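Report on one structure; see the data block that follows.
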4 protein chains.
Amino acid sequence: MAGSTLGTIFKITTWGESHGKALGVVVDGCPAGLSLCETDIQIYLNRRKPGQSSITTPRKEDDLVEILSGVFDGKTTGTPISLIVRNTSQKSHDYSEIATYYRPGHADYTFDEKYGFRDYRGGGRSSGRETIGRVAAGAIAAKLLASMGIRVCAYTKSIGPVSISQDQFDKSAILSTPTAMPDVTASKKAEEYLAHCMADYDSAGGVIECVVDSLPAGLGDPVFEKLDANLAKAIMSIGAVKAFEIGDGIQVATANGSTNNDAFHMCHNKVVKETNHSGGVLGGISDGSRLVLRAYVKPTPSIFTEQSTVNQSGEDIKVKIKGRHDPIIVPRAVVVVETMTALTLADALLLNMTAKLDSIKEFYKHS
Amino acid sequence: MAGSTLGTIFKITTWGESHGKALGVVVDGCPAGLSLCETDIQIYLNRRKPGQSSITTPRKEDDLVEILSGVFDGKTTGTPISLIVRNTSQKSHDYSEIATYYRPGHADYTFDEKYGFRDYRGGGRSSGRETIGRVAAGAIAAKLLASMGIRVCAYTKSIGPVSISQDQFDKSAILSTPTAMPDVTASKKAEEYLAHCMADYDSAGGVIECVVDSLPAGLGDPVFEKLDANLAKAIMSIGAVKAFEIGDGIQVATANGSTNNDAFHMCHNKVVKETNHSGGVLGGISDGSRLVLRAYVKPTPSIFTEQSTVNQSGEDIKVKIKGRHDPIIVPRAVVVVETMTALTLADALLLNMTAKLDSIKEFYKHS
Amino acid sequence: MAGSTLGTIFKITTWGESHGKALGVVVDGCPAGLSLCETDIQIYLNRRKPGQSSITTPRKEDDLVEILSGVFDGKTTGTPISLIVRNTSQKSHDYSEIATYYRPGHADYTFDEKYGFRDYRGGGRSSGRETIGRVAAGAIAAKLLASMGIRVCAYTKSIGPVSISQDQFDKSAILSTPTAMPDVTASKKAEEYLAHCMADYDSAGGVIECVVDSLPAGLGDPVFEKLDANLAKAIMSIGAVKAFEIGDGIQVATANGSTNNDAFHMCHNKVVKETNHSGGVLGGISDGSRLVLRAYVKPTPSIFTEQSTVNQSGEDIKVKIKGRHDPIIVPRAVVVVETMTALTLADALLLNMTAKLDSIKEFYKHS
Amino acid sequence: MAGSTLGTIFKITTWGESHGKALGVVVDGCPAGLSLCETDIQIYLNRRKPGQSSITTPRKEDDLVEILSGVFDGKTTGTPISLIVRNTSQKSHDYSEIATYYRPGHADYTFDEKYGFRDYRGGGRSSGRETIGRVAAGAIAAKLLASMGIRVCAYTKSIGPVSISQDQFDKSAILSTPTAMPDVTASKKAEEYLAHCMADYDSAGGVIECVVDSLPAGLGDPVFEKLDANLAKAIMSIGAVKAFEIGDGIQVATANGSTNNDAFHMCHNKVVKETNHSGGVLGGISDGSRLVLRAYVKPTPSIFTEQSTVNQSGEDIKVKIKGRHDPIIVPRAVVVVETMTALTLADALLLNMTAKLDSIKEFYKHS
């Protein structure tokens, strides 16, 4: 099982390698009747494009999406939506050397162990370009959620030692800063930090936060299909993510029940919580408050410093990675976290419709 | 979808509520030929039993398991293994009051929102007793892994502010200390801390770590079925877990590539890593080194301090939770983390057998 | 993968062997709020009980069902419903001989080839008793459908050369005749035919038909999840079924388009079909007319005539099957076909709710 | 759920409509190391191309396949194989009229009921062109099976009243006759029959048979994932198939146990069956003998005779279907049956590897 399918009702299947002919995704189970055009998807893909600032690789990748099926007269038909992005700027000769050894921090060794050989060009299927399919599909999920008033928003929370200030939170900065930080001052400091890393032939990690507003209560299921469990899987399935938090996350380990519990109270005839330590999920089910999650992303493993490794002849060697690599993964991964969250929520939203017999009867009375 | 099934090949389905007649699990897809008896499972269930020390509830729950199917002449037959644990000590009258309001930090409110009503007795399906099925099934997965030399071991890493010392690591203490800490000194301090919490009518959180040794390289799939993504889902699906880490986890966000990459080198003709920041997984596939993961567990939400909440008539009220509750979830959740890890690995182990055509041909030549 | 789970939303997992301690099923994903008690299920199980007439085995099996979870205050809670039937009358010594050889027409040989050994007592997991879990779960599905006005009804259409007459169709006879034929005259003839078979130490086959009324249009999905494809899987997964038909079935092969097409016309402002050659499904999606399917069931393979086979030492031998066996599988399999149909439709009914964006928006506006 | 994904390990996802930009499929879970090029797939696609004789539509469809991912250095890499076929000859204006009414025997009405509207051009997703993805994916499955010596072969068994003679069976004729009959004489008669149908503005049905040789015993699982149940689903999911048989199929209903059972005997130290009424499957598991299945295919619903139907304004109308349509579906569906069978078997072959603990231990010892 290559494991390229995700979701139960809103189901996506991605395909493609860094240096193959194209990458893409099939979105199956999207409800019929959603307005959809290529621009809806392209604006999301543009957010993960490289070559846009000093802190991303100067590689040019246009990454233009084409809708091949599933849309008729400007609306989704309920049948599979196939999306394709042709590879245009990939140069295989850049990568011929790495065919012979295992890059530290990459999946080269584990692919060889699993499959017996690998497509070594630019990481093949384990390249960051694999996320093109996720982002394209997630753009559709986000549009579906938006049509119901649900808004998903991810941003860079920290880069190395530099964190955003909640007081300075400026949503518009997410798309305008090269760091995807919603805080212009912090972003400047982070850029300086990254400049130091690059000067040292090194790379940096960081944290991405994602918040979701206007999510109905009731999404997610008890036991294995908890909403936070599925979000964890979706986010941890993004390459380079090494930790996942919901709500207060790791801080709960040193908290007490009296400070960690969120009190309920009535507000305009609705049950609301006074605080949101839980991050919008109780018992694996959305509680109607803001969903808050975080992804911890490791530094880019491709660094220009000399490293020790082994080659395929089984010899210890020293290598210096060449090519064009971002000094940090975080800014371009922000839209990946946002779309993976959207995909998970879209599926949960559809799955939740069958929870109550009364609602089902009502549904079929109208239809 | 109630979401009580987990796994693709080694598949489990749990059932049962806190105060129903019984709880249990069906394990489907366990290979034929594994020696199995009730004692193999009971020793795992005993590790999650309450009433064993001052820091667990004095409730007595024998939780005796019965194998109902799938084992013949002392061996698994390849058909579903049904396990049942009868509820014996549950007293529903203890819980009549909580039927009328939503306990902070619990799933009462979200269950009502999702299903329209709930089994309020002891939390019903969202009770910690739900983990009985997981642990019983996971005991079988652990035995399967052990038969192939793979050892899974979880323990308490910290309770509130008290952490174990790696220098004092004493594996035998995991089963002998009431905290499940592999460090007798730290355990004593943690017990003191918990005594303070209890005196304050409060509760505490903590961290569980799980390590796996002798895991073959190659388990897990690229993209969505990454080994760490599935481990994250399995661990985050345990009630009260709010964060998940693999390897260096959250620390990668402030690390640099030069310090976070694990160099490869040759050792006795094998490729090994000099360090293990990755925690045993590269690109979502096991790399043959020790697997290391961590779960951050929130404090028990049932505390005896007065709390604000609302009742089902939509009034703001003050409540004091009654009954018998552990001041901390961590020690009894250690075996849950261990067995959820085992279940995920057993499934990945079986799924990995179809990765290479040569191996498949070899397999069918012998069979 | 032992393959004991069926369904996407309304999902069942069966377990148990002929001579184990018990058999049962876990029903996961049943919507909350359905009234349910053990009698609802028992009346279905009673229809598959043996010992009720001259044409079923005189074995006594009470097959009393117990609900272990998922029902509270007389209603389903949305969490897994666990059902158990204890084995009481099974006598293992009856079956000691068949441990040593492969019964023709049974799964003894294939189980040994697949699993390396088998639970030989009464066929183990491949026994007809395996259907207890299906019928118990299907009773719940049927109740869910009935609550929405959908009625599923199966009956014996033919036994050996004896077929029912549509002119004599008497629904009440299904439950009153030993053959489950809705035609008292045909049933008498069939009983005579079976008496001849038994006198010859032989057995007979037959055909089961199932019709569904008041099914909404729109159930089922194009391509692989066609409603008739899933019905085919569900019905062909019943042991001894060797062919499946929908609508005109095999007769379409010799029909012409002009006679096989069903013309549409308007009737009371609704689109209806003048004929129903399609059997209620067009393009894999229910069309609002009566669903009609058929299962062709082979003769009981356990016959008292001498047969040739091999033993586990690899010798050709002659055997005479002993024990208590029905001369025909059909009458007791009628309720199995009916419940497998109900299970498939319940799942399709729930899955269909996410097809249209407008309906989803409407749903969440009300909830 | 649009339902365009099939399989557990060897998993395919098809997409595309009759008159969209392209059609295609993603094959996920194909083992690494299988030699594969576009010609391997094209030869299968060519077998379903129209315009090749007087009994298929004169439409020209080149249907050239392109491999977009998953193959490197001429071998599968274990990652998703994306295949695309561009639509080139589709003319949408041919179909503008049918947008306004429901064609009898087609899915027009049920699509509208399910999704609220439909892509009416050439049937959209319910067109026969949907099978392009199945055939392309199945060509890979067939190559995988062939690499292990397993041969799948389908052919036309009958057209209308004309059946092949087993005595005249000539495998080479399958690819050379326009009917895909392995019997030149029968083929000629069938062509004459079809000429009559066409003269009457009518269409015909028929039967496709598929046989599989050298299939190992042990494939398939007891209970719901029986090999014949999954074959039934795969075959019944092909548009226009209305009945499915395995082995003796419908004839078992009038057989007796003494004639329907297959006796076992020893032959060259192997257990074999003297007859093959079972069609190669016992208890849902392959028994090592020839697999034999049959699909009953309805006449092409698009006929030039006047028919009664309703339009979208709810009026009874008379219509004559225009355009280019085959008078029979069978010959071009033969390769669809063959490839759907191959897909089901490839998945079962991979799933069967985890049945026995001893084999798993042996596998990991070698790897």
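Lettering of chains follows the sequences in order, A, B, ..., and the numbering in each one begins at 1. It should be emphasised that the depicted structure is a prediction, and the values quoted were computed from it without experimental measurement.
Exactly one residue among C/Val27, C/Thr13, C/Val25 makes a side chain to side chain contact (heavy atoms under 4.5 Å, CB included) with B/Thr13. That residue is C/Thr13.
In this pair, B/Tyr120 and C/Phe72 present their aromatic rings perpendicular. The plane angle is above 60°, beyond the 30 to 60° band.
By the side-chain hydrogen bond (donor to acceptor under 3.5 Å, both in side chains) test, C/Asn352 pairs with A/Tyr364, D/Lys114, sequence neighbours left out.
Ranked by heavy-atom pairs under 4.5 Å with chain B, the list C/Gly7, C/Ala22, C/Gly70 is led by C/Gly70.
A distance of 11.0 Å separates NZ of C/Lys21 from OG of B/Ser82, quoted to the nearest 0.5 Å. With rounding to the nearest 0.5 Å, the separation of OG1 in C/Thr77 from CZ in B/Arg125 is 9.0 Å. In this structure, C/Ile84 CD1 and B/Trp15 CH2 are separated by 7.0 Å, a value rounded to the nearest 0.5 Å. Between the CG atom in C/Asp28 and the OG1 atom in B/Thr14 there is a gap of 8.0 Å [rounded to 0.5 Å].
Put simply, the side chain of C/Glu17 reaches to within 4.5 Å of the side chain of B/Thr79, judged on heavy atoms.
The part of B/Glu66 that comes within reach of chain C is its side chain, from C-beta onward, which places non-hydrogen atoms under 4.5 angstrom from that chain. Looking at B/Thr76, the atoms closer than 4.5 Å to chain C (heavy atoms on both sides) all sit in the backbone: N, CA, C or O. Only the backbone of B/Ile67 comes within contact range of chain C, judged by heavy atoms closer than 4.5 Å.
A pairwise comparison of heavy atoms in B/Phe117 and C/Ala32 identifies CE2-CB, 4.3 Å as the closest pair.
Counting non-hydrogen atoms of neighbouring residues, nucleotides and ligands closer than 6.0 angstrom, the NZ atom of B/Lys143 exceeds 12 such neighbours.
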